[in-house]
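Values below: every heavy atom of this structure, side chains too, minus hydrogens, waters and symmetry copies. We count residues from 1, following the sequence as given.
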Amino acid sequence: MLIAAAQFPSRRHDIAANAARMAALLARAADLGVSLVVFAELALTQYDLDAVAADPGLALTPDDTRLAPVRQACRAHGVGAVVNLPAREPGAPAGRPGITSFVFGPDGALLTRYTKRHLFGREGALFAPGRTEGRFRLGGIHFSLATCYDNSFPELAERAAADGCRVYLASSFHSSAQSLTKYPERARDNGLHVLLANGVGTGSGASGPGCGLSGAWLPDGRRVASAGPGAGGPEEGELVLTDVRDAVVLMADPAVAAVPVRECGEPLVDVREAAPGLLAPEAGKLTADGAAAYLRSGVLERLLTAERALPDGLRLRLAEGYRPPALQRHYFEEYADTLREAHPDWAAERVHSAASRYVSPPEIAPHSAGGAADLILTSADGTPVDMGTRLNASPEESDGACYTAAPGISAAARRARRTLGAALTAAGLVNYPTEWWHWSYGDRYWALETGADAALYGPKEPA
């Protein structure tokens, strides 16, 4: 997954102009294959404390119509956004706003909000501090949020890492490059990817002009990308990109196995009989028992909902559904043997983790629970749509292009993946981010990604 920090000179008090600039940057980022864009502190209004204090109308809520261009750009381009702004804080003393990040998902809906906990200088007299942690999941990655002076407190990043976050996102307005030295420390000390979106242009209060230099650091503290300094930057803004695909939670992660299962008892149904209008696995690719054409009834209902949401002229084809546990075990060990042969120096744990990018460990496999569906898009007559790789392409074969949010695939394939993802996500399924075709509902990975208390489906033996 590519993520980006957006750096641009906000116009003071001009929410409409700044929201339009954000929408344009989201479109640019999507064209580059970016899945999430982070904006600087108070980028929607510019970092102008006096203006915010004097005009309560500058404080927004997530559904404010002035944010419509941003939400619409997220939906249109399938990209998420972290937008920092003055926000109305329910229950805050004297109606003070918070310095808040709204996180909008690729569908334009609010994923979470985070309000700056540690206020600096005059901010303390004008804003209400936040009380909660900033956490959200997107594309199989657990993100944490912080705002400017928050980053001076190492315990925020420490708590984020302890909570299982792997990427740390900072919206800031620093006036000195010296203030940026803390970011490689947060990365290195906690094993986190760190992405900073820093402001440029004039500031107010104790802050001078924003120094820019938005950047990205790897978990070992190395800086891998940087924008220019604040002065003289392009009016249309800059994007700083970093690849965080190694932060994806894999099926082999202990957090997946730790999810309890409360089996709901839904039956496996043959989609060829229960939903004859859905394109089922091709007969020549089915085993004698036809297992791949079966799904839990709740999964099938959601696939039919997703297909109805597709644009005219597109259909879903189920390539594979249920997979008996014995067959799952065979597939996993077969791929693990391939990796052992290619990498004889790898420890057993590394082989197991790497194999889980492509084949789920048998004990937690969504296919063996009847909760997973391997899917492709087709035209109305069943002709497959170009998705960027063949179905079941491995990371080695495709050079990583099998990852759902992989950069480097064609614009048409990227649009097709986003179309598929939008319909399936809206229907309640989640994607395994290393495989664009793998979607599931009710299994352990689904429960982890959605925050459900337990999985609905456990492994199921054939009848």
Side-chain angles (χ1 to χ4, degrees), residues 1-6 8 10 15-40 42-45 59-88 100-115 134-143 145 167 169 171 195 197 237 239 302 305-312 314 377 404-405 411 414-431 433 436 439 449-451:
M1 176 192 283
L2 286 180
I3 61 175
F8 73 95
S10 301
I15 291 176
N18 295 329
R21 184 70 54 81
M22 289 177 174
L25 284 163
L26 288 168
R28 276 175 53 192
D31 287 342
L32 297 171
V34 169
S35 297
L36 178 69
V37 179
V38 183
F39 293 95
L42 296 179
L44 194 69
T45 57
L60 287 77
T61 59
D63 59 354
D64 195 296
T65 57
R66 291 170 290 181
L67 282 169
V70 176
R71 296 191 298 264
Q72 290 166 0
C74 289
R75 282 194 297 272
H77 303 289
V79 60
V82 179
V83 182
N84 193 273
L85 42 73
R88 297 177 191 171
T100 301
S101 288
F102 292 159
V103 182
F104 297 108
D107 59 356
L110 186 74
L111 290 178
T112 193
R113 60 186 289 168
Y114 168 74
T115 298
R135 305 281 188 268
F136 69 98
R137 290 182 181 273
L138 183 67
I141 298 176
H142 198 182
F143 293 89
L145 298 162
V167 183
L169 307 175
S171 297
L195 181 68
L239 291 168
R302 285 162 177 80
T305 297
E307 185 169 60
R308 288 192 293 271
L310 289 173
D312 290 344
L314 291 177
L377 278 181
T404 307
R414 189 176 299 118
R415 285 193 299 272
R417 292 186 186 187
R418 286 175 175 162
T419 298
L420 178 68
L424 292 166
T425 300
L429 288 88
V430 301
N431 173 241
W436 58 259
W439 292 82
E449 288 302 294
T450 61

Do Met22 and Leu44 make a side-chain contact, defined as non-hydrogen atoms from C-beta onward lying under 4.5 Å apart? yes
Testing the basics here: between Tyr114 and Gly134, what is the closest heavy-atom pair and its distance to 0.1 Å? CD1-N, 3.4 Å
Where do Leu26 and Gly80 come nearest, in terms of heavy atoms and distance? CD2-O, 3.8 Å
CZ/Arg71 to CZ/Arg66 distance, rounded to the nearest 0.5 angstrom? 11.0 Å
Of the non-hydrogen atoms in Ala40 and Ser171, which two are nearest, and what is the gap between them? C-CB, 3.9 Å
Working for side chain to side chain contact (heavy atoms under 4.5 Å, CB included), residues Leu314 and Thr419: CA-CA 10 Å; Leu314 291 177; Thr419 298; 4.0 Å; yes
Can you tell me how far OG1 of Thr100 sits from CG of Leu85, rounded to the nearest 0.5 angstrom? 7.0 Å
Heavy atoms of Ser35 and Leu138 approach each other most closely as O-CD2, 4.1 Å
In this structure, CZ of Phe39 is separated from CZ of Arg21 (nearest 0.5 Å) by 10.5 Å
Is there a side-chain contact between Leu377 and Leu310 (heavy atoms, below 4.5 Å)? yes
Gap between atom CZ of Arg137 and atom NE2 of His142 - 0.5 Å precision: 5.0 Å
Would you check if there is a donor-acceptor pair between the side chains of Arg302 and Thr305 at a distance under 3.5 Å? no
Would you call Met1 and Ile141 a side-chain contact if the rule is heavy atoms closer than 4.5 Å? yes
Are Leu169 and Leu36 side-chain neighbours, meaning at least one heavy-atom pair lies under 4.5 Å? yes
Nearest heavy-atom pair of Ala4 and Leu239: which atoms, and what distance? CB-CD2, 4.3 Å
State, yes or no, whether a side-chain contact exists between Pro62 and Arg113 at a heavy-atom distance under 4.5 Å. yes
Name all residues meeting the side chain to side chain donor-acceptor pair (under 3.5 Å) criterion together with Arg418; count only those two or more places apart in sequence or in a different chain, and write none if there are none. none
Between the side chain of Asn84 and the main-chain N/O of Leu42, is any donor-acceptor distance below 3.5 Å? yes
d(Leu67 CG, Gln72 CD) to nearest 0.5 Å is 10.5 Å
Whether Phe136 and Phe143 hold their rings parallel, tilted or perpendicular, with breakpoints at 30° and 60°: parallel
Salt bridge (charged side-chain N to carboxylate O under 4.0 Å, His left out) partners for Glu307, two or more places apart: none
How long is the gap from CD1 on Ile15 to OG1 on Thr45, to the nearest 0.5 Å? 6.5 Å
Run the side chain to side chain contact (heavy atoms under 4.5 Å, CB included) test on Trp439 and Leu420 for me, step by step, so that the C-alpha distance in whole Å, both residues' side-chain angles and the decisive distance to 0.1 Å come before the verdict. CA-CA 10 Å; Trp439 292 82; Leu420 178 68; 4.0 Å; yes
Within the distance-only criterion (no hydrogens, no angle test), does the side chain of Ser10 pair as donor or acceptor with the backbone N or O of Ala43 below 3.5 angstrom? yes
Please enumerate all residues that pass side chain to side chain donor-acceptor pair (under 3.5 Å) together with Arg28, with sequence neighbours excluded. none
Under the criterion side chain to side chain contact (heavy atoms under 4.5 Å, CB included), which of Leu145, Val37, Ile3 is the partner of Val82? Leu145
Within a strict 4.5 Å, meaning less than it, do heavy atoms of the Leu111 and Phe104 side chains meet? no
Nearest heavy-atom approach of Pro69 to Thr65 is CD-O, 4.1 Å
